[in-house]
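Here's the structure, in structure tokens; my notes come after.
It should be emphasised that the depicted structure is a prediction, and the values quoted were computed from it without experimental measurement. In what follows, residues are counted from 1 in the order of the sequence shown. Just the heavy atoms: all of them, side chains too, but no hydrogens, waters or symmetry mates, feed the values below.
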Amino acid sequence: MQEMLDEINAQLDHLCTLYFTEEELDYLRSIRFIKDDYIEFLRLWHPIREYVTTSLDNGELEIVVSGPLFSAMQFEIYLLEIVNEVYFRFKYDYDRLLKSARERLDRKIKDFQNGKYSFTFAEFGCRRRLSREWEDEVIRRLATETENCVGTSNVYFAMKYNLTPIGTYAHEFVQMYQGIDSIPLAYTNHYAMKDWYNEYDGDNGTALTDTITTDLFLLDFNRSMVNNYTGVRHDSGDPFEWGDKIIRHYESYGVDPKTKLLLFSDSLDFDRAEALYNYFKDRAKVSFGIGTYCSNDTEEEPLNIVIKLQYVNGRPVAKLSDVPSKAMCRDGAYLEYLKRSVAFRIEREKINKL
């Protein structure tokens with residue numbers, strides 16, 4: 001473990017020497033919804049090493065990022081990439097893993113070519129990939145040898161292979177609002193979506209529903225939001241029940257669900273995606289963000305690691321999710337308080353509709 005930690009620290013040191021290149025910034029300018037002020041922010045921004053501390057506690061790796069939110073949150077993807085690649089290169093015979101990954105990718109591509117799978121999807125595997133070189137190969141082959149991979153959440157590879165960069169805002173964007181004193185906890189999703197809506201002026205993309213439960217999200221997903229968001233993303237809970245619930249919500253506003261996107265992204269493999277596609281394809285637009293199954297499917301089990309926001313302005317924040325076991329918070333008392341706040345608002349809204 002100490003060798004792994006040393007390598008992780010070395011990679012972090014290198015990461016914090018990097019800046020965006022002019023080629024990368026020019027590519028970002030070409031994306032319709034990215035504004036000039038954000039490009040200028042990225043031109044000036046770089047990761048600051050002092051914000052990240054790493055340690056071993058009884059053989060368990062601990063990484064803490066502490067700093068201004070606009071900078072600290074940027075570390076999530078880079079840290080997960082680094083930890084995953086270091087782990088698999090140090091713990092296993094990397095060439096053996098690569099061989100098994102290629103064999104599995106060959107079979108997947110053949111299954112698209114022979115018609116077993118008919119859905120379209122985006123590669124979402126950046127954070128838990130086996131390695132950078134393997135994700136590169138996966139995206140290149142899926143994009144050139146099938147007609148089903150239409151994009152990737154890895155913006156660099158989207159640029160490299162002329163694919164659509166696809167993603168949504170993250171859970172931590174909504175969590176962040178829990179650290180703002182003036183916002184009632186059960187309305188944090190409302191204010192997050194409102195700010196996102198105003199920033200992108202109706203060109204809002206895909207909304208993530210489950211930061212503090214989909215039931216609460218739908219209370220705030222009002223007519224203007226329904227009309228101007230392209231669709232919504234599923235990331236926890238039963239995807240079939242979720243999709244049915246979302247379709248009913250669209251219909252309640254007189255919106256044709258066939259004009260809206262259901263994007264599924266919760267621990268998918270291709271069989272699961274095909275089943276969801278067949279269930280919903282005649283009722284809505286359907287697509288998928290498929291991560292680890294694309295970028296780290298080998299003969300060894302992938303890591304299931306995440307980085308989540310824990311404190312903002314000294315206050316605890318939490319992710320509730322649609323699956324209780326996926327709730328994340330270091331402060332148990334706060335988590336229970338948030339649950340009660342959410343439940344109270346949902347119940348009150350039901351009474352008000354009577």
Tell me, with the steps shown, if Phe112 and Phe270 meet ring pair (Phe, Tyr, Trp, His ring centres under 6.0 Å).
-> CA-CA 10 Å; Phe112 278 115; Phe270 289 172; 5.0 Å; yes
Hey, mind stepping through Arg315 and Asp181 against salt bridge (charged side-chain N to carboxylate O under 4.0 Å, His left out) and telling me if it holds?
-> CA-CA 9 Å; Arg315 298 175 55 174; Asp181 287 339; 2.3 Å; yes
Whether Tyr19 and His46 hold their rings parallel, tilted or perpendicular, with breakpoints at 30° and 60° = tilted
Hey, mind stepping through Asp266 and Ser236 against side chain to side chain donor-acceptor pair (under 3.5 Å) and telling me if it holds?
-> CA-CA 6 Å; Asp266 182 26; Ser236 65; 6.0 Å; no
Is there side-chain contact between [X] and [Y], with heavy atoms separated by less than 4.5 Å?
X: Tyr92; Y: Leu130; value: no
X: Pro68; Y: Tyr51; value: yes
X: Lys116; Y: Lys110; value: no
X: Cys329; Y: Tyr334; value: yes
X: Val286; Y: Leu261; value: no
X: Phe280; Y: Pro257; value: no
X: Thr152; Y: Thr164; value: no
X: Cys149; Y: Phe121; value: yes

Can you list the residues that meet the side chain to side chain contact (heavy atoms under 4.5 Å, CB included) rule with Thr120, with sequence neighbours excluded?
-> Val150, Ser287
Kindly check if the number of other-residue, nucleotide or ligand heavy atoms within 6.0 Å of CG (Asp256) is above 12?
-> yes
Under the 3.5 angstrom rule, does the side chain of [X] hit a backbone N or O of [Y] as a donor-acceptor pair?
X: Asn296; Y: Thr292; value: no
X: Asn313; Y: Gly179; value: yes
X: Thr21; Y: Glu24; value: yes
X: Ser295; Y: Gly125; value: yes
X: Lys160; Y: Arg140; value: no
X: Asp203; Y: Phe33; value: no
X: Asp57; Y: Glu60; value: no
X: His249; Y: Phe221; value: yes

Charged N-O contact under 4.0 Å between [X] and [Y]:
X: Lys258; Y: Asp282; result: no
X: Glu76; Y: Arg127; result: yes
X: Glu251; Y: Arg248; result: no
X: Arg107; Y: Glu103; result: no
X: Lys245; Y: Glu241; result: no
X: Arg128; Y: Glu81; result: no
X: Lys319; Y: Glu172; result: no
X: Arg89; Y: Glu133; result: yes

Of Glu135, Glu85, Glu123, which is the lone residue that meets side-chain hydrogen bond (donor to acceptor under 3.5 Å, both in side chains) with Arg129?
-> Glu135
Show your reasoning for whether side-chain contact (heavy atoms from CB on, under 4.5 Å) applies to Leu185 and Tyr337.
-> CA-CA 9 Å; Leu185 288 180; Tyr337 176 56; 3.4 Å; yes
Run the numbers on Trp196 and Phe173 for ring pair (Phe, Tyr, Trp, His ring centres under 6.0 Å), then give the verdict.
-> CA-CA 10 Å; Trp196 189 272; Phe173 170 68; 5.3 Å; yes
Do you know the tightest heavy-atom contact between [X] and [Y]?
X: Met176; Y: Val312; result: O-CG1, 3.9 Å
X: Ile82; Y: Leu12; result: CD1-N, 4.3 Å
X: Val323; Y: Gly237; result: CG2-N, 3.2 Å
X: Val138; Y: Cys294; result: CG2-O, 3.5 Å
X: Leu28; Y: Ile39; result: CB-CD1, 3.4 Å
X: Ile290; Y: Ala273; result: CD1-CB, 4.1 Å

In short, ring-ring contact (aromatic ring centres under 6.0 Å, His included) pairs touching residues 131-161 with sequence neighbours left out are none
Checking Lys108 against Tyr293: charged group under 6.0 Å from the ring centre and within 45 degrees of the axis?
-> yes
On the ring face of Tyr253, is Arg223 found with NZ or CZ under 6.0 Å from the centre and within 45° of the axis?
-> no
Could you check whether [Y] and [X], counting side-chain N and O atoms only, form a donor-acceptor pair closer than 3.5 Å?
X: Asn204; Y: Tyr169; result: no
X: Thr209; Y: Trp242; result: yes
X: Gln113; Y: Thr146; result: no
X: Thr168; Y: Arg233; result: yes
X: Asp195; Y: Tyr177; result: yes
X: Asn9; Y: Arg49; result: yes
X: Asp322; Y: His234; result: no
X: Tyr117; Y: Asn148; result: no
X: Thr213; Y: Asp215; result: no
X: Gln11; Y: Tyr78; result: no

Who are the ring-ring contact (aromatic ring centres under 6.0 Å, His included) partners of Tyr191, not counting sequence neighbours?
-> none
Trace of the ring pair (Phe, Tyr, Trp, His ring centres under 6.0 Å) decision for Phe240 with Tyr279 | CA-CA 8 Å; Phe240 295 94; Tyr279 184 79; 5.2 Å; yes
When you look at Leu216 and Ile346, which way does the side-chain contact (heavy atoms from CB on, under 4.5 Å) test go after all the steps?
-> CA-CA 6 Å; Leu216 186 69; Ile346 291 173; 4.1 Å; yes
Trace of the salt bridge (charged side-chain N to carboxylate O under 4.0 Å, His left out) decision for Arg43 with Glu22 | CA-CA 8 Å; Arg43 182 195 298 279; Glu22 283 303 314; 2.6 Å; yes
